[in-house]
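Take this structure, written in structure tokens, and hold onto it; I'll ask about it next.
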Amino acid sequence: MALHVYNTRTRNLDRFVPQTPGVVRIYTCGLTVYAPMHIGHARTYCFWDTFRRYLEYRGFHVLSIINYTDIDDRIMKKADERRGWLDVAEETAASFRRDCRALRIKDYAAYTRATDFIDAQVDMVKQLLERGHAYVVDGEVLYDVQSFADYGKLSGNTLEGGQAGASGRLAEDAGRKKHPADFTLWKPSGEGQPAWETGQEAWSSGRPGWHIECSAMSSMLLGSSFDVHGGAIDNLFPHHENEVAQSQPLCGQDCWVGYWMHPEHLDLRGVKMSKSIGNVIGVENLLERHSYDAIRWFFASTHYRTKLAFADELIDASSEGFKKITKLVKILEGRLSEADEDARTIPVPGIYASLRSEDEAVPRERESFVYGAFGESSAKFIRRFIEAMDDDVGCPRATAAAFDYVNELYAAGIESSDDLPSVAAAYRCLTRHLYVLGIELPNEALYPQLAADCFPVAGGGEAAEPYKAVIDRMLEARAEARKAKDFAKSDMIRDVLQAAGVVIEDTPKGARWDLGE
RNA sequence: GGCCUGGUGGCCAAGUGGUAAGGCAGAGCUCUGCAAAAGCUCCACGCGCCGGUUCGAAUCCGGCCCAGGCCUCCA
């Protein structure tokens, strides 16, 4: 099976074929930068990051851009005499970047700001007016939805239906709008608000409407037609519907955007998170309570088009299982690090290539994951992983495959295996695939190719060094005491270490220790 | 009023015609001086309810019940 994704445009699971072979162009609707990133945003952007990582795993070159809506009433409301609206926008954008990095969301090729593309937006409004898709009322430019036959096709909201609930505004807009669904392309700015000159008589100065930004920026940077347009489910209507109405008539292509993908929302115990209810959890706050990898694993455990029930206890439960995986990685890392480079080198390269099907883009791995004692398990895991991810980015099945893989490795005795090349192959296989899910476990010495693609580690790992010698000495003393069957003494030593947060496990090869959480 | 999801074991969650993945929690066993870790075994005769199609349905069709979302700024 080749990669397929659910396409909102066709309401179908479509085979994923980018316009330019080997290159995927993605535009993602970003935030309106007036408040910091919250847990819901985190889910959305973690999904897009995983999607991007999987495309890259599959051998595609990905060009993805994201926007900041930096001109908005809510931003201006936050401004005061000390901080102008642009400062508010910039500060919020900077915090978004920080939060994204903390979640290991890879950098986008570009972060566009709506106010940097005013000219492109004005130009687009002009064209829409010329083509008869828009009209001017009192200096405001409105899009004429009835001029676009396919209006409503993307979201399923037809112009005929859904007017009852809008009756209040209907009266208000009567005589101004030709149709209640007509939306703003450009509007005059209020008193003291930022305004741009357009050089037009009928709509000389003002600011852009929300929908025109994304249309203008995406087409300008990615081309008149591109592969994937993202955002989250709430953007489907009206935002994406309106974007199509604006862009399709001007793009000169049969189809403006090939694939529309809409990740579902996250909700808190059945209640939608919203600012009015006051149950918004910021990313910063979340990261104080859970590690980034526990969060990403938790996100991966539910399909992106399924509503995700969120609660701290659910992340805790999920990370209980996940720990078993990261723990194995740590154990393997420890064993491999102690060995010479020669002893752990994987001798036969290129076996991985045999797992590819002919018609697929070529994964860039050159490492031989499938090797030696655990090769069978690794091959099975890779097949299941690809099968799951090819089927509409099926992360939950990919995580299940990872659990089974890890269980098989444990069962095959990898913990105490002296066949280090085999251990190294499994280690790479596991960490490389966790990487796709946003779990980064880089080790410069053991897997430099992967480490090069990971975020730099913020030196926490070395903190234990000064204590290592002391702990090792105490464990030696404990081993002697156990040998002499002086269990009172050996348990005492263990208690002391445990009180200090050192977790001890006895293995056939001696005691193993780790710093607990 | 219109449009649209979803209801799977104590909890989370996969699974779109072939006889219920995975995780958490729970039980027993093995190993161990003990503990920890790991392993093994067990844990939904049933997938909201009622009908129907089919050799066969959690999966398709019809009806019903329930929960939720969107139609207004929202990831």
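Protein chains get the first letters and strands the later ones, always in sequence-line order, with residue 1 at the start of each. Both backbone and side-chain heavy atoms feed into the values below; hydrogens, waters and symmetry mates do not.
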Fill in: Side-chain-base donor-acceptor pair under 3.5 Å for A:R494 and B:rC34
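Under the 3.5 Å cut-off, the side chain and the base do form a donor-acceptor pair.
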
Fill in: Who pairs with B:rC70 - Watson-Crick or G-U, where each distance is under 3.5 Å
B:rG2

Worksheet, complete the sentence: Paired to B:rG26 by Watson-Crick or G-U wobble criteria (both distances under 3.5 Å) is B:rC42

Worksheet item: Of the nucleotides B:rG33, B:rG22, B:rA75, which one has an atom closest to the side chain of A:Y45?
Response: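 Closest of the options to the side chain of A:Y45: B:rA75.
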
Practice prompt. May I ask you to establish whether A:R25 and A:F226 are in a cation-pi arrangement, using a distance under 6.0 Å from NZ or CZ to the six-membered ring centre and at most 45° from the ring axis?
Written response: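 Not flagged: A:R25 not positioned over aromatic ring of A:F226.
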
Worksheet item: What distance, rounded to whole Å, do you find between the two C1' atoms, one in B:rA75 and one in B:rA27?
Response: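 Those two atoms are separated by 43 Å.
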
Worksheet item: Under 4.0 Å between a side-chain N or O of A:K485 and OP1 or OP2 of B:rU32?
Response: no

Item to complete: Give one of base, sugar-phosphate or nothing for A:T306, where a contact means two heavy atoms less than 4.0 Å apart.
Response: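 Since only primed, P, OP1 and OP2 atoms lie under 4.0 Å of A:T306, the category is sugar-phosphate.
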
Discussion item. Measuring to OP1 and OP2 of B:rG22, would you say a side-chain N or O of A:N407 lies under 4.0 angstrom away?
Written reply: no

Worksheet item: On a whole-Å scale, what distance lies between the C1' atoms belonging to B:rC43 and B:rG28?
Response: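 Straight-line distance between the two C1' atoms is 11 Å.
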
Worksheet item: Quantified in whole Å, what is the P atom distance between nucleotide B:rC55 and nucleotide B:rU16?
Response: 23 Å

Discussion item. Taking any heavy-atom pair under 4.0 Å as a contact, classify A:H303: base, sugar-phosphate, or nothing.
Written reply: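 Touches sugar-phosphate only.
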
Worksheet item: Which class fits the ring pair A:F183 and A:Y143: parallel under 30°, tilted 30 to 60°, perpendicular over 60°?
Response: parallel

Discussion item. Between B:rA37 and B:rU30, how many Å separate the two C1' atoms, rounded to a whole number?
Written reply: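 Their C1' atoms lie roughly 13 Å apart.
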
Discussion item. Need one value for A:G394: base, sugar-phosphate or nothing, where a base atom within 4.0 Å counts as base even if backbone is also close, heavy atoms only.
Written reply: nothing

Discussion item. Applying a 4.0 Å non-hydrogen cut-off, can you work out what A:T399 is touching in the nucleic acid: base, sugar-phosphate, or nothing?
Written reply: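 Nothing, no nucleic acid heavy atom in range.
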
Worksheet item: Just checking A:R305: base, sugar-phosphate only, or nothing, at a heavy-atom cut-off of under 4.0 Å?
Response: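 If one applies the 4.0 Å heavy-atom cut-off, A:R305 turns out to touch nothing in the nucleic acid.
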
Worksheet item: For A:D316, which contact category applies under a 4.0 Å heavy-atom criterion: base, sugar-phosphate, or nothing?
Response: nothing

Worksheet entry | Atom C1', compared across B:rG22 and B:rA14: separation rounded to whole Å | 7 Å

Response to the item:
The ring-ring contact (aromatic ring centres under 6.0 Å, His included) partner of A:F96 among A:Y45, A:Y34, A:Y108 is A:Y45

Worksheet item: When you check the phosphate oxygens OP1 and OP2 of B:rA13, does a side-chain N or O of A:S318 lie under 4.0 Å from one of them?
Response: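 Answer no for this pair, as no side-chain N or O of A:S318 is under 4.0 Å from OP1 or OP2.
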
Discussion item. Counting only Watson-Crick pairs (N1-N3 plus N6-O4 or O6-N4) and G-U wobbles (N1-O2, O6-N3), all under 3.5 Å, who is the partner of B:rC60?
Written reply: B:rG52

